[in-house]
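Have a look at the structure below, then the notes.
Starting from 1, each residue takes its place in the sequence as its number. Computed from heavy atoms alone, side chains included, the values below leave out hydrogens, waters and symmetry copies.
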Amino acid sequence: MLVTSVIVGAAIGAVFFEERFGTPRIAAAGLLVVGIGLMLHSG
């Protein structure tokens with residue numbers, strides 16, 4: 001659930017608050033997902 005909230009939060013920001021959703025934001029969301037996944041896997 002925590003991993004998907006990062007992506008959903010970015011999508012909500014893009015749709016409702018008209019924030020840009022470009023390559024840097026996609027890369028940042030991907031890095032967060034990978035980092036959270038690694039922390040959950042190691043612990």
| If you group Ile, Leu, Val, Met, Phe, Trp and Tyr by side-chain heavy-atom gaps below 4.5 Å, do Leu40 and Leu32 land in one group? | yes
| message | Let me confirm one number: the CD1-CD distance from Ile12 to Glu19, rounded to the nearest 0.5 Å. | response | 11.0 Å
| query | Given the rule that I, L, V, M, F, W and Y join up when any side-chain heavy atoms are under 4.5 Å apart, are Met39 and Val34 in one cluster? | reply | no
